[in-house]
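These notes are about the structure you will find just below.
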Amino acid sequence: MDFALTDDQRAIQDAARAFAEAELAPHSARWDEDKHFPVEVMKQAAEMGFCGIYTGEEHGGMALGRVEAALIFEELSRGDVATAAFISIHNMATWMIDRFGSDDLRGRFVPSLVGMEKIASYCLTEPGSGSDAAALRTTAVRDGDHYVLNGSKAFISGAGTSDVYVVMVRTGGEGPKGVSAVVVEAGTPGLSFGAQERKMGWNAQPTAIVQFDDCRVPVANLLGEEGAGFRYAMAGLDGGRLNIAACSLGGARLALETAQDYVATRKQFGRPIGEFQALQFRVADMATDLEAARLMVLRGAWAIDADHPEKTKWCAMAKRLATDACFQIADEALQLHGGYGYLKDYPLERIVRDLRVHRILEGTNEIMRVIIAREMAR
């Protein structure tokens, strides 16, 4: 058991930290205020390899492990949670095409996704099937050399802006074995989008419904085999949950650092409030919870890299613990600032808003508990 990072891992971490400090952090508040999707900055991240972190080298990916991905996403999210979270979704969709697509499909899409000349979205959730994802109703009926898609997907990050949509559809009967995955390109007739959602957080990325109305998609755009799409989607989510957990780490870390600076300088009753033992204990607990969450995320990442038979359980545990703990850390940091924490002059209210959704997406934390319990019963 070795908790030390390798020299290469430290170099990757340092590069991500430098990029976040230079290109994300200075603009984070404005992007949130203006609801600006920083595509050009994400393309700069792609130049550093951050948009194909664990995609294979054949088509330009970095072929790194999930431990390295967790290190990168923690650093990026310390600069801006919403942007880092979208990059994590883009990585998940890109990896799914690279991992399960045919040679033709991989050659057509992966190079441009790794370089972020094209942007990818992941489409699983529907208005009527959120936590019960296997009950999805979007259909894909084969008609010659095309599938005809009908249905809709909800809460899709990048909807209306992305160029590529990895979509889970029903090609067979009820349940997970009737689900397949297809790649749908922007501009395909029958593909449309709802109005942009008005959200509590994650304002630096667009979110909308994706609608399919007799949308014809080539059969050649099928990922892998018919009926295997749900398994592919869940494989993507193991890593996606770790990515979102790592994004929670970065936001919580910034919140904790901001709180430490504040209590060291804010004076009440004639001395800095950081000298009061009650506040020292609160900061100590925040730091302890953050470190515990980080260890859980790295354990889950190790499990995927090692293809451990319990990797799904460890990823669900990491996502549940980290996103809950990090939201509480951010909320506590806001509380320590008193009324100032509620103002946009400080980053805390934005961090709280951005981290709150991490407890819902990539599977709610209630569903994480279901997964954990199910895996423990085996």
Side-chain angles (χ1 to χ4, degrees), residues 28 32 69-70 73-74 76-78 80-89 91-92 122 124-127 129-133 154-157 197-205 207 233-234 236-256 259 285-301 312-335 341 347-375:
S28 186
D32 175 75
F73 285 121
E74 177 177 347
L76 294 182
S77 62
R78 188 184 174 279
D80 185 61
V81 171
T83 301
F86 186 84
I87 294 173
S88 83
I89 295 167
N91 267 272
M92 179 170 63
Y122 175 90
L124 175 62
T125 299
E126 296 184 0
S129 61
S131 294
D132 187 10
F155 307 119
I156 304 305
S157 292
E197 305 289 1
R198 299 169 62 233
K199 297 172 294 185
M200 174 181 174
W202 271 26
N203 288 321
Q205 55 166 280
T207 304
M234 294 303 103
L237 281 177
D238 276 347
R241 287 163 181 160
L242 287 179
N243 293 347
I244 288 300
C247 288
S248 291
L249 296 176
R253 196 175 99 215
L254 177 58
L256 174 59
D285 283 344
M286 292 159 68
T288 301
D289 291 346
L290 179 61
E291 188 62 27
R294 182 180 292 112
L295 290 172
M296 283 294 293
V297 170
L298 293 176
R299 171 67 183 267
T312 295
K313 181 184 76 172
W314 288 113
C315 291
M317 284 180 168
K319 195 270 184 181
R320 203 292 300 164
L321 186 139
T323 58
D324 278 347
C326 290
F327 175 77
Q328 294 300 330
I329 291 166
D331 187 60
E332 186 75 6
L334 189 154
Q335 185 72 18
L348 298 167
E349 59 84 29
R350 183 178 71 254
I351 296 171
V352 168
R353 288 188 288 106
D354 283 344
L355 292 192
R356 182 60 183 85
V357 74
H358 293 192
R359 301 166 71 191
I360 298 172
L361 55 83
E362 312 290 33
T364 66
N365 284 3
E366 289 73 23
I367 291 299
M368 295 304 100
R369 292 176 173 91
V370 171
I371 293 170
I372 294 162
R374 182 183 65 212
E375 293 293 318

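Numbers here are sequence positions counted from 1.
When all heavy atoms of A287 and L256 are compared, the closest pair comes out as CA-CD2, 3.8 Å. The shortest non-hydrogen separation linking N243 to S88 is CB-CB, 3.6 Å. Closest non-hydrogen pair, S248 versus L355, comes out as CA-CD2, 3.7 Å. Nearest heavy-atom pair across H358 and A85 is NE2-CB, 4.5 Å. What you find for I371 and A316 is that their closest heavy atoms are CG2-CB, 3.9 Å.
To the nearest 0.5 Å, atoms CG (D80) and SG (C247) are separated by 10.0 Å. To the nearest 0.5 Å, the span separating NZ on K313 from CG on D238 amounts to 13.0 Å. The CZ atom of F73 lies 10.5 Å from the CG atom of L242; values are rounded to the nearest 0.5 Å. One distance of note links CZ of R320 with CD1 of I367; it measures 14.0 Å at 0.5 Å rounding. To the nearest 0.5 Å, the span separating CD on E126 from CG on L124 amounts to 8.0 Å. Within the model, atoms CD1 of I372 and CG of L321 stand 9.0 Å from one another, a figure rounded to the nearest 0.5 Å.
Of the possible polar contacts, one joining the K319 side chain to the G363 backbone as a donor-acceptor pair under 3.5 Å is found. No side-chain donor-acceptor contact under 3.5 Å links R78 to the backbone of L254. Between the side chain of Y122 and the backbone N or O of S157, no donor-acceptor pair lies under 3.5 Å. No side-chain donor-acceptor contact under 3.5 Å links R359 to the backbone of T323.
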Next item on the list: Tell me, with the steps shown, if T207 and E197 meet side-chain hydrogen bond (donor to acceptor under 3.5 Å, both in side chains).
Entry: CA-CA 6 Å; T207 304; E197 305 289 1; over 6 Å; no
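Applying the salt bridge (charged side-chain N to carboxylate O under 4.0 Å, His left out) test to E366 and every residue at least two apart in sequence or in another chain returns nothing. Considering only residues two or more places apart in sequence or on other chains, R356 meets the salt bridge (charged side-chain N to carboxylate O under 4.0 Å, His left out) condition with none of them. In this view, F86 and F37 satisfy the ring-ring contact (aromatic ring centres under 6.0 Å, His included) rule, not counting sequence neighbours. N91 pairs by the side-chain hydrogen bond (donor to acceptor under 3.5 Å, both in side chains) definition with nothing, not counting sequence neighbours.
Side-chain contact between M234 and T312 is absent, with no heavy-atom pair separated by less than 4.5 Å. You'll find the side chain of R253 reaches within 4.5 Å of the side chain of L290, heavy atoms only.
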Sequence neighbours left out, cut at 3.5 Å: what donor-acceptor pairs do the side chains of residues 294-301 make with other protein atoms?
{"unit_1": "R294", "atom_1": "NE", "unit_2": "E74", "atom_2": "OE1", "d": "3.1"}
{"unit_1": "R294", "atom_1": "NE", "unit_2": "E74", "atom_2": "OE2", "d": "3.3"}
{"unit_1": "R294", "atom_1": "NH1", "unit_2": "E291", "atom_2": "OE1", "d": "2.7"}
{"unit_1": "R294", "atom_1": "NH2", "unit_2": "E74", "atom_2": "OE2", "d": "2.7"}

Counting only pairs under 3.5 Å, give me each side-chain donor-acceptor contact of residues 325-335, with atom names and distances, residues two or more places apart or in other chains.
{"unit_1": "E332", "atom_1": "OE2", "unit_2": "R282", "atom_2": "NE", "d": "2.5"}
{"unit_1": "E332", "atom_1": "OE2", "unit_2": "R282", "atom_2": "NH2", "d": "2.9"}

